[in-house]
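Heads up: the structure comes next, in structure tokens.
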Amino acid sequence: MIIIYILFAIIAILILLAIIKKPASVYANNPAEQNPMEGKTVVFVEDASEKANADGVCGHLEMTGESTHHPGFYEKVVKRALDVILSLCGLIILSPVFLVLSLWILIDDPGPILFTQKRLGKNKQYFKLHKFRSMKMATPHDRPTHMLDNPEQWITKSGKFMRSHSLDELPQIWDIFIGNMSVIGPRPGLWNQDLLTAERDKYHANEIKPGLTGWAQINGRDELEIPEKAKIDGYYAEALCSGKGFGIDICCFLYSLGVFRGDKSVIEGGTGSIHKLK
């Protein structure tokens, strides 16, 4: 009986923390940091006179209209309920793993345990994504791995292990619990990955919640070029909105479990790196 009381107390604390932390996680307390393109549809306009963005392409986004996505019952109710249940169980059951990895990170490279990054959420809403820090403290911020010179030099020993088994993504269970992410969905892009954002807009993939794992994750991950990755994310978005959501979510979840044995599609060098190795 005592264990049950303790469990309920932990759940109550997590719910309270989620309510308190949610506004700050989506910049609700700081409108100046919110995305001006939130809820809009966009296209990417190349412009060689502009600075290269996080995708390595010069240009900017231009608004073309308003998002008209209306989530169905599965996406709005069932999927969210499953996200809450799974993330809550994950936070409790995996707490020993969180502790061990946290200690390893501190010993390996002293500094913050978690790495926080501005990412693109549902309808292009900016939110704070959390990861276990796998890079050294001196690593440039807000830049994809594939845009770093010799990416391997920036990765810690603990980080290399975590990244190869996708363990650095575990703190995103919290992002799922508070509602910024889903278990299954397109991986959230960086706020300044304009090309990826525009490509996903072609297939309405920005209109659904990003996920811890997704259809593109089990169909190539870092091996995929941006247009191909966006198209695969679009396939998932279409399935979710056409009544096939539960089936594709189950399929994606089961396939993703194999990632923790070691994911060979994680290539240091990033998006499209497989072509550089051939």
Side-chain angles (χ1 to χ4, degrees), residues 26-27 31 33-48 50-72 74-76 79-80 117-129 142-144 146-147 172 175 179-245 248-249 252 270-272:
V26 292
Y27 303 95
E33 291 196 37
Q34 294 175 1
N35 188 4
M37 296 293 183
E38 184 177 332
K40 314 295 183 183
T41 55
V42 299
V43 293
F44 183 74
V45 179
E46 289 193 46
D47 188 340
E50 297 185 21
K51 185 179 179 181
N53 57 36
D55 290 317
V57 185
C58 298
H60 62 275
L61 292 175
E62 287 189 1
M63 183 182 71
T64 58
E66 301 282 341
S67 172
T68 58
H69 176 66
H70 298 288
Y74 173 75
E75 181 184 351
K76 190 175 182 179
K79 188 174 174 68
R80 177 56 187 156
Q117 218 173 28
K118 184 190 290 185
R119 296 283 183 128
L120 218 63
K122 181 178 179 180
N123 286 323
K124 304 182 187 68
Q125 181 185 54
Y126 288 156
F127 75 98
K128 295 177 183 178
L129 175 138
D142 279 335
R143 189 182 300 180
H146 67 276
M147 291 190 69
Q172 289 159 48
D175 297 326
N180 292 333
M181 290 178 62
S182 180
V183 174
I184 311 296
R187 285 296 298 159
L190 287 168
W191 66 274
N192 52 355
Q193 283 187 279
D194 292 342
L195 182 59
L196 176 62
T197 299
E199 287 294 320
R200 280 179 169 171
D201 245 30
K202 295 178 181 178
Y203 309 102
H204 307 285
N206 291 315
E207 297 175 346
I208 60 177
K209 282 184 182 180
L212 178 63
T213 185
W215 198 242
Q217 292 298 99
I218 65 172
N219 285 283
R221 196 170 178 168
D222 287 342
E223 299 173 359
L224 301 172
E225 297 288 354
I226 286 176
E228 187 178 359
K229 180 183 292 187
K231 189 174 182 178
I232 294 175
D233 286 331
Y235 174 84
Y236 172 81
E238 182 181 2
L240 183 64
C241 299
S242 63
K244 302 176 183 178
I248 197 169
D249 276 351
C252 193
T271 302

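Starting from 1, each residue takes its place in the sequence as its number.
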Check your understanding: Is there a donor-acceptor pair closer than 3.5 Å between any side-chain N or O of Lys79 and the backbone N or O of Ile184?
Key -> yes
Check your understanding: So, the side chain of Gln34 versus the backbone of Gln125: is there a donor-acceptor pair under 3.5 Å, distance only?
Key -> no
Can you tell me how far apart [atom1] ([X]) and [atom2] ([Y]) are? Round to the nearest 0.5 Å.
X	Y	atom1	atom2	value
Ile226	Leu196	CD1	CG	5.5 Å
Ile232	Gln217	CD1	CD	10.0 Å
Asp194	Glu46	CG	CD	11.5 Å
Tyr27	Lys128	OH	NZ	5.5 Å

Is any side-chain heavy atom of [Y] closer than 4.5 Å to one of [X]?
X	Y	answer
Leu61	Val45	no
Gln117	Leu190	yes
Val26	Tyr126	no
Tyr235	Asn219	no
Pro210	Arg119	no
Glu33	Lys118	yes
Lys209	Met181	no
Cys241	His69	yes

For [X] against [Y], the heavy-atom pair lying closest together:
X	Y	value
Pro186	Ile208	CD-CD1, 3.6 Å
Ala48	Cys58	CA-CB, 4.0 Å
Gly234	Ala205	N-CB, 4.1 Å
Pro188	Gly211	CD-O, 3.7 Å

Taking atom types as modelled, is there a side-chain donor on [X] or [Y] under 3.5 Å from an acceptor on the other?
X	Y	value
His70	Glu75	no
Arg187	Gln172	yes
Thr64	Thr41	yes
Gln193	Asp55	yes
Asp249	Tyr74	yes
Asp201	Asn206	yes

Practice item. Take Lys40 and Lys124 through the side-chain contact (heavy atoms from CB on, under 4.5 Å) test and state the conclusion after the steps. Key: CA-CA 8 Å; Lys40 314 295 183 183; Lys124 304 182 187 68; 5.6 Å; no
**Study point:** Six-ring centre of Tyr203, Lys231 cation under 6.0 angstrom, axis tolerance 45°
**Key:** no
Exercise for review: Show your reasoning for whether side-chain contact (heavy atoms from CB on, under 4.5 Å) applies to Leu129 and Asp175.
Suggested key: CA-CA 7 Å; Leu129 175 138; Asp175 297 326; 4.2 Å; yes
Check your understanding: Among Asn35, Leu120, Asn180, which one satisfies side chain to side chain contact (heavy atoms under 4.5 Å, CB included) with Phe127?
Key -> Asn180
Review point. Ion pair present between Glu207 and Lys122, side-chain N to carboxylate O less than 4.0 angstrom?
Key: no
Exercise for review: Show your reasoning for whether side chain to side chain donor-acceptor pair (under 3.5 Å) applies to His60 and Glu50.
Suggested key: CA-CA 8 Å; His60 62 275; Glu50 297 185 21; 2.7 Å; yes
